[in-house]
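This report refers to the structure that appears directly beneath it.
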2 protein chains.
Amino acid sequence: MTAEVGLRERKKAATRAALAGAANRLAVELGVEHVTVEAIAAAADVSPRTFHNYFSSREEAIVASIIDWAERLTDDIEARPADEPIWDSLLAVFMESVEDGAAAHARMMAQIEMVLAHPSVIANQLAALDTMRRRFAEAIAVRTGTDTARDLYPHLIAGAAGLAFKTAVDIWASGPPERSLHELVADGFAQIRAGLPQPGR
Amino acid sequence: MTAEVGLRERKKAATRAALAGAANRLAVELGVEHVTVEAIAAAADVSPRTFHNYFSSREEAIVASIIDWAERLTDDIEARPADEPIWDSLLAVFMESVEDGAAAHARMMAQIEMVLAHPSVIANQLAALDTMRRRFAEAIAVRTGTDTARDLYPHLIAGAAGLAFKTAVDIWASGPPERSLHELVADGFAQIRAGLPQPGR
DNA sequence: CGAAAAATTGCAGATACCGCAAAAGTTCTG
DNA sequence: CAGAACTTTTGCGGTATCTGCAATTTTTCG
């Protein structure tokens, strides 16, 4: 599926990944405000000018790995049996993408704190998530025989799944861990699936 | 409710509004890339340095009016009868906020095109919309007796309403206008309320 | 009025960002 | 494999962003 890549393309992808990785790592380690383009470029062994051939801002590079994650999730969705209800596919894929274990959790928390501490990074993260949503919508449209240009449906499904996931992560990260992330995600999906009925009362 | 404001606060608000208004207007008229902080400051009759006391970036100022809109919508929600089902309140408020008429539509389209033409503005718009979502969630939590720190519910409702609205606007703006914006918004809300069942087949 | 508090401004400096053209590297073709 | 064609990397130069600091002006309050 992803064959036919020459040396040139592979090198470009490697450079991009090196820059994105360095940017993210430095942002978490040193704090966003202490990361310069020069430092990122040096860590990836290219010139500062080359950095700007790949990313148009520091923040874009810092959150670029989200796009990779989106790509993987999209592939996972496409790999699911074609006759599985789309909503089941989405839940399964998101649940699988949550890593267990204290180390993984600590890494996630560090990421979240780094992002939340900087409005400009938040904005770029949301933009990356929006790109992810658009890819999801495409995959879902193919699966469900809908049209992204005409139908609300694929966008709503993709957006709602992302919303449930992000909300679960936000609550998980902000409060004391009353519930596991898996539980929260499952709960969010279930509520949306049920049409978000007004609770209690 | 918003009484007790001295001259100082009113002036600050006026300056902020003047800057945001100038930034947005210039971005639409001249194109984002031709708007400098200096020009915005001049149009609002303050120094460039003062601009940065209010906004930390050009893009933030350009999309700042979204926050005002969010504030008005939030007030509208709070003004609705307390016993109305929350979902009805949201639909009503959003529907009312869509202006009719060719001039209003043209203005909306100009805004949308300006934003879409610049990734950095998209990112900041999404951040502003996210702030709006958070305020909605607060208002909804009060209404429904839920807790934004513990419950997914208010966030999901606020997010889902925003998602339905934004998706409707995106589809309305991108294709030929097969359906009115009102129709699309109503359709989006209805689908989410129904739990996004897989269509047709 | 006069003192305290807050906002505006200019200045200086670090950094981001982008266009351009030269240099270096990769791919294609005979 | 030679060398043409194409792509990427890089340095340079210039404009604009953004921030801290200290002086100045404006507003508030006793």
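Letters A, B, ... are given to chains in the order of the sequence lines, protein chains preceding strands, and every chain is numbered from 1. Since the structure is predicted, the reported quantities are computational estimates derived from the model, not experimental observations.
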Quiz prompt | side-chain contact (heavy atoms from CB on, under 4.5 Å) against A:Ala13, all qualifying residues, sequence neighbours excluded | solution = none
Quiz item: Between A:Glu9 (CD) and D:dC6 (P), how many Å, whole number?
Solution: 17 Å
Quiz item: What pairs meet the ring-ring contact (aromatic ring centres under 6.0 Å, His included) rule with one or both residues in residues 112-132 of chain A, with sequence neighbours excluded?
Solution: none
Exercise. Not counting sequence neighbours, which residues clear side-chain contact (heavy atoms from CB on, under 4.5 Å) with A:Glu178? List them please.
Key: A:Pro176, B:Arg150
Exercise. Identify whether the distance between the nearest side-chain nitrogen and carboxylate oxygen of B:Asp88 and B:Arg193 falls below 4.0 Å.
Key: yes
Quiz item: What does nucleotides 8-18 of chain D look like as a protein-contact string, B for base, S for sugar-phosphate only, - for none, at under 4.0 angstrom between heavy atoms?
Solution: SBBBB----SB
Practice problem: Tell me which residues in residues 23-33 of chain A put a heavy atom below 4.0 Å from DNA chain C, sorted by number, or none. | Solution: none
Exercise. Kindly write out the residues that satisfy side-chain contact (heavy atoms from CB on, under 4.5 Å) with B:Thr131, not counting sequence neighbours, or none if the list is empty.
Key: B:Ile67, B:Arg134, B:Arg135
Practice problem: Check every nucleotide of DNA chain C for an atom under 4.0 Å from a heavy-atom of chain A, then give the first and the last such nucleotide from 5' to 3'. | Solution: C:dA16 to C:dT27
Listing, residues 22-30 of chain A side-chain donor-acceptor contacts under 3.5 Å, not counting sequence neighbours, or none:
{"residue": "A:Asn24", "atom": "OD1", "partner": "A:Gln111", "partner atom": "NE2", "Å": "2.4"}
{"residue": "A:Asn24", "atom": "ND2", "partner": "A:Ile62", "partner atom": "O", "Å": "2.8"}
{"residue": "A:Asn24", "atom": "ND2", "partner": "A:Gln111", "partner atom": "OE1", "Å": "3.4"}

Self-check item: ring-ring contact (aromatic ring centres under 6.0 Å, His included) partners of A:Phe165, counting only residues at least two apart
Solution: A:Trp69, A:Phe94
Practice problem: Please name all residues satisfying side chain to side chain donor-acceptor pair (under 3.5 Å) with B:Arg179, sequence neighbours left out, ordered by chain then number. | Solution: B:Asp187
Quiz prompt | Counterpart residues, salt bridge (Lys or Arg N to Asp or Glu O under 4.0 Å), relative to A:Glu33 (two or more places apart) | solution = none
Self-check item: Pairing residues for A:Ser56 by the side-chain contact (heavy atoms from CB on, under 4.5 Å) criterion, not counting sequence neighbours
Solution: A:Glu60
